[in-house]
Amino acid sequence: MVSDLSTTTLPKLIQGGMGIAISSWKLARAVASRGQLGVVSGTAIDRVIACRLQEGDQDGSIRQAAESFPDQGLAARVLQRWFKPEGLDRPGAYKPVPLFSISPPKSLLELATFASFCEVWLAKHKASGPVGINLLEKIQAPTLPILYGALLAGVDTVLMGAGIPRDIPGLMDQLCQHEPCDLRLTVENGEDVAIPFDPSIVEADLPTLERPKFLAIISSHVLAMSLARSGGVDGFVVEGPIAGGHNAGPRGWKVESGEDPTYGPKDEVNLDRIKALGLPFWLAGGKDASSSIAEAEELGAQGIQVGTAFAFCSESGMEPTLRRRAIAYALAEDLETRTEGRGSPTGYPFKTLNLNGTEGGRDASERERQACNHGYLRTAYQKPDGTIGWRCAAEPEADYARKGGDPADCAGRRCLCNGLLATAGFPHAMKSGGIEYPLVTSGIMRDLPRFLSGKSDYSADDVLDELGIEKSAKPELPIRLTHEVQNGPAYRA
Ligand SMILES: Cc1cc2nc3c(=O)[nH]c(=O)nc-3n(C[C@H](O)[C@H](O)[C@H](O)COP(=O)(O)O)c2cc1C
């Protein structure tokens, strides 16, 4: 059931999904309130919500969203397990959340479903425009419960990059019908295996949900063409190499080279080929000038996706002191973004900011490696006995080697899970003492002074104004109501 997308109802601007928790519900709500597509990050949202609850859910938002969760028994179990009204005993002392695997404990599936429901519900609550959720294809094990929670909250669009999300549209159809389904997990050196998910963990009498739009984030017209052929894709975000976060590698580049990638004309996406597919597309990567929307339209695009400009605004989920410090350094022109070839355990190039006191300000080897405690970027591998194991090139080399990994893979790798959680204000305690350093990813920050226009801080509204989004803009995608509203009870004020 793919809904018809007429270009007259599409937003000009997509606020890029930024993990972990940088595109928080507050940011997505601010953008959606101006009628554009606000996007929350679904990456590690289970841990983010578990951390916020352990910090006492200080603004009460999670408990507010929980009241609208369709299975109140499940919501109560999650709160019982994670909510600590008195907050943390000491900085970084979060209770460990189990790691996702092929058969994760039911309590983790409940947490993930509940968490994405809350984040999307909060972004949509009181906002007049559409809300999307961003997920990375590379992170497979938590995908189905996170998608399902977002669907239950009435998410309008699902956006997915960092991989080839060919199976996702079909899985969305199944989840909308509350059908059990399987996600295909890539296994290094072995056969792919299925990760099952049964939506009946949410015990409620639910109507069939309307299938949200699905936008694939791509950096090559070849991939766009292949995904369009597979079907179920409603449009594309075409991301260029200067975009923040992960990037596709340039042609011919190999992560094993140890070199940071450089991009050339051969890496340019052929927009005519994308246009010929007849699906709407948005351009991403350095598209934050007041002329960017018009320029994108000239090229046949529907509009733009913007990340970095929103990552440092006041509604961003970035830890506030860190965010202010990054702005100050950017104004002093004392910051550089590096596209690290080996930094991310995903194998994709990853942008890091060389801000003092963060991981990007020091060499990857300076962090003492810890046993993998979050596990989102682990890859599945087949053990000699045929069972599935998990390893990450950022865990201690000895652990990686014991699991059959090549220790050479470990060189230069950073622990993105811990670094990005710390950037969102959830630094975890380290075994060796102290807490994890943040790791800031960003695109080009040269335009921040324009959004500040002489002030010391700026908001999402300042960015939207600068990009020429009308203040009176009406929501351009239809807002769908959650099952609760359809069934009677309205959103609580
Ligand atoms: C802090 C940050 C985190 C990001 N995280 C993600 C992510 O989790 N998933 C994703 O698809 N893109 C991610 N991106 C890319 C953005 O969604 C967007 O496409 C990109 O930032 C656009 O380019 P710009 O940064 O030049 O505006 C991230 C970007 C930034 C700046």
Side-chain angles (χ1 to χ4, degrees), residues 13-24 27-28 31 37-45 48 119 132-139 142-143 146 157-163 165 168 214-219 236-248 281-289 292-293 296 301 303-313 315-319 322-323 326 330 335 337 339 344 346 348-353 355 358-360 376-377 416-417 419-424 438-448 450-451 460 463 466-467:
L13 177 108
I14 301 175
Q15 162 253 309
M18 296 178 281
I20 296 174
I22 301 301
S23 45
S24 63
L27 175 57
V31 174
L37 182 59
V39 178
V40 297
S41 170
T43 303
I45 194 66
V48 168
E119 195 73 355
I133 189 164
N134 176 284
L135 291 162
L136 302 178
E137 198 275 338
K138 190 88 181 172
I139 301 179
T143 295
I146 290 178
T157 305
V158 173
L159 302 97
M160 196 180 254
I168 300 300
F214 178 70
L215 303 183
I217 304 169
I218 48 105
S219 300
F236 298 101
V237 175
V238 183
E239 208 176 54
I242 62 169
H246 284 99
N247 305 121
F281 61 96
W282 289 258
L283 302 183
K287 306 292 177 199
D288 55 6
S292 291
I293 291 180
I304 55 175
Q305 168 165 292
V306 175
T308 298
F310 289 114
F312 297 95
C313 78
E315 293 90 345
S316 152
M318 194 176 294
E319 194 281 318
L322 184 63
R323 185 180 70 79
L335 274 186
T337 306
T339 308
S344 169
T346 61
Y348 288 112
F350 184 67
K351 294 259 188 317
T352 54
L353 204 60
L355 184 63
T358 70
E359 279 296 323
Y376 295 101
L377 299 182
L416 264 56
C417 293
L420 296 178
L421 277 166
T423 301
L439 173 62
V440 183
T441 180
S442 169
I444 311 287
M445 296 173 77
R446 61 165 183 254
D447 278 333
L448 291 196
R450 266 197 307 115
F451 309 123
V463 178
E466 186 64 25
L467 294 173

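In what follows, every heavy atom counts, from backbone to side chain, and hydrogens, waters and symmetry copies are set aside. Each ligand, and each atom within it, is numbered from 1 in the order the structure gives. When a residue number appears, it is its place in the shown sequence, counting from 1.
Ile444 does not count as a contact of ligand 1, since none of its heavy atoms falls under 4.0 Å from the ligand. Contact annotation: Asp288 has no heavy atom less than 4.0 Å from any atom of ligand 1. For the pair Gly19 and ligand 1, a heavy-atom separation below 4.0 Å is found.
Scored by the side-chain contact (heavy atoms from CB on, under 4.5 Å) test, Ile444 finds Ile242, Arg446 as partners (sequence neighbours excluded).
We find the OG1-CG distance between Thr308 and Leu448 to be 8.5 Å, quoted to the nearest 0.5 Å. The structure places CD1 of Ile20 at 4.0 Å from CG of Leu421, a figure rounded to the nearest 0.5 Å. Here the CZ-CD distance, from Phe451 to Glu466, works out to 6.0 Å after rounding to the nearest 0.5 Å. Between the CG atom in Leu37 and the CG atom in Leu215 there is a gap of 7.5 Å [rounded to 0.5 Å]. To the nearest 0.5 Å, the span separating CD1 on Ile22 from OG1 on Thr441 amounts to 9.5 Å. Here the straight-line distance linking atom CD1 of Ile133 with atom OG1 of Thr157 works out to 11.5 Å at 0.5 Å rounding.
Atom numbering of ligand 1 starts at 1 in the shown order; those under 4.0 Å from a heavy atom of Gly16 are 17 (O). The distance from ligand 1 to the heavy atoms of Val306 drops below 4.0 Å at these ligand atoms: 27 (O). Residue-ligand proximity, Gly285 to ligand 1, at heavy-atom distances under 4.0 Å covers atoms 22 (C), 23 (O), 26 (O). Numbered from 1 in the order shown, with element, the atoms of ligand 1 that lie under 4.0 Å from a heavy atom of Ile217 read 11 (O). Heavy-atom proximity to Ala243, at under 4.0 Å, picks out these atoms of ligand 1: 20 (C), 22 (C), 23 (O), 26 (O).
Closest heavy-atom approach to atom 18 (C) of ligand 1 within the set Lys351, Lys138, Gln305, Met445: this belongs to Gln305.
Residue, atom and distance of the protein heavy atom nearest to atom 19 (O) of ligand 1 are Glu239 OE2, 2.5 Å. The shortest contact between atom 15 (C) of ligand 1 and any protein heavy atom is with Gly244 O, 3.3 Å. Remark: minimum distance from atom 9 (N) of ligand 1 to any protein heavy atom is reached at Asn134 OD1, 2.9 Å. Nearest protein neighbour of atom 21 (O) of ligand 1, counting heavy atoms only, is Gly307 CA, 3.2 Å. Looking only at heavy atoms of the protein, atom 28 (C) of ligand 1 is closest to Met18 CG, 3.6 Å. Gly286 N, 2.7 Å is the protein heavy atom nearest to atom 26 (O) of ligand 1. Nearest protein heavy-atom contact of atom 25 (O) of ligand 1 is Thr308 OG1, 2.5 Å. Nearest protein heavy-atom neighbour of atom 12 (N) of ligand 1: Gly17 O, 3.3 Å.
Closest approach of Phe312 to Ala326, counting heavy atoms only: CE2-CB, 3.6 Å. Of all heavy-atom pairs spanning Lys287 and Val306, the tightest one is O-CG2, 3.3 Å. When every heavy atom of Val237 is checked against every heavy atom of Ala284, the shortest pair comes out as CG1-CB, 3.9 Å.
Taking 4.5 Å as the limit, every side-chain heavy atom of Val39 sits out of range of all side-chain heavy atoms of Gln305.
Relative orientation of the Tyr348 and His246 rings is perpendicular, given thresholds of 30° and 60° on the angle between their planes.
Within the 4.0 Å heavy-atom criterion, neither part of Ile20 lies near ligand 1.
Checked by distance only, ligand 1 and Ser41 stay at 3.5 Å or farther apart across all their nitrogen or oxygen atoms.
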